[in-house]
Amino acid sequence: QVQLVESGGGLVQAGGSLRLSCVASGRTFSWYTMGWFRQALGKEREFVAAITWGGSTLRYTDSVKGRFTISRDNAKSTVYIQMNNLKPEDTAVYYCAADRENRVASAVSDYEYWGQGTQVTVSS
């Protein structure tokens, strides 16, 4: 079992920045690909970014490329997502997730463990 706890969400104006963190506990963090997803009100949960075990492979959804950066610190069992130039359409609950495979999958069903989510609201 892996437990995931996100933090860092909040209210920010358009063009601003936030950094979300997700701390893992339980099994060895470095054995999991970590992903970030988001779910806006009334919409399905969607993939945002993922990073493999050692951090060598990254993947982003097109709408955040050039604005968001995913990273991880295996010594701290933590994955981050730095979000710059935020837009109102980035407003959502952001979730981190863990995948036991060393891949950058984008499907919700590929991830076995999920955090409780943190709200990000971007005002125009």
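Residues forming a ring-ring contact (aromatic ring centres under 6.0 Å, His included) with F47 (at least two apart in sequence, or on another chain): F37. For Q116, the side-chain contact (heavy atoms from CB on, under 4.5 Å) criterion is met by V5, E6, not counting sequence neighbours. In this view, S7 satisfies the side-chain hydrogen bond (donor to acceptor under 3.5 Å, both in side chains) rule with no residue, not counting sequence neighbours.
Remark: L58 CG to T69 OG1 distance equals 8.5 Å, nearest 0.5 Å.
Between D62 and K65, at least one side-chain N (NZ, or NE/NH1/NH2) sits under 4.0 Å from a carboxylate O, which counts as a salt bridge.
Panel note: side chain W53, backbone W31; a donor-acceptor pair is recorded below 3.5 Å. The backbone N or O of T52 sits less than 3.5 Å from a side-chain atom of R72, completing a donor-acceptor pair.
For residues 110-124, the pairs satisfying salt bridge (charged side-chain N to carboxylate O under 4.0 Å, His left out) are R100-E112, R103-D110, with sequence neighbours left out.
Grouping Ile, Leu, Val, Met, Phe, Trp and Tyr residues whose side-chain heavy atoms lie under 4.5 Å apart, directly or via other members, leaves V23 alone, with no other cluster members. The hydrophobic cluster of Y80 has no other members, since no ILVMFWY side-chain heavy atom comes under 4.5 Å of it.
Residues S17 and Q82 form a side-chain contact, since some pair of their non-hydrogen atoms from C-beta on lies under 4.5 Å apart. Looking only at side-chain heavy atoms (C-beta outward), D99 and Y32 stay at 4.5 Å or farther from each other. Residues V93 and T118 are not in side-chain contact: their nearest non-hydrogen atoms beyond the backbone lie 4.5 Å or more apart.
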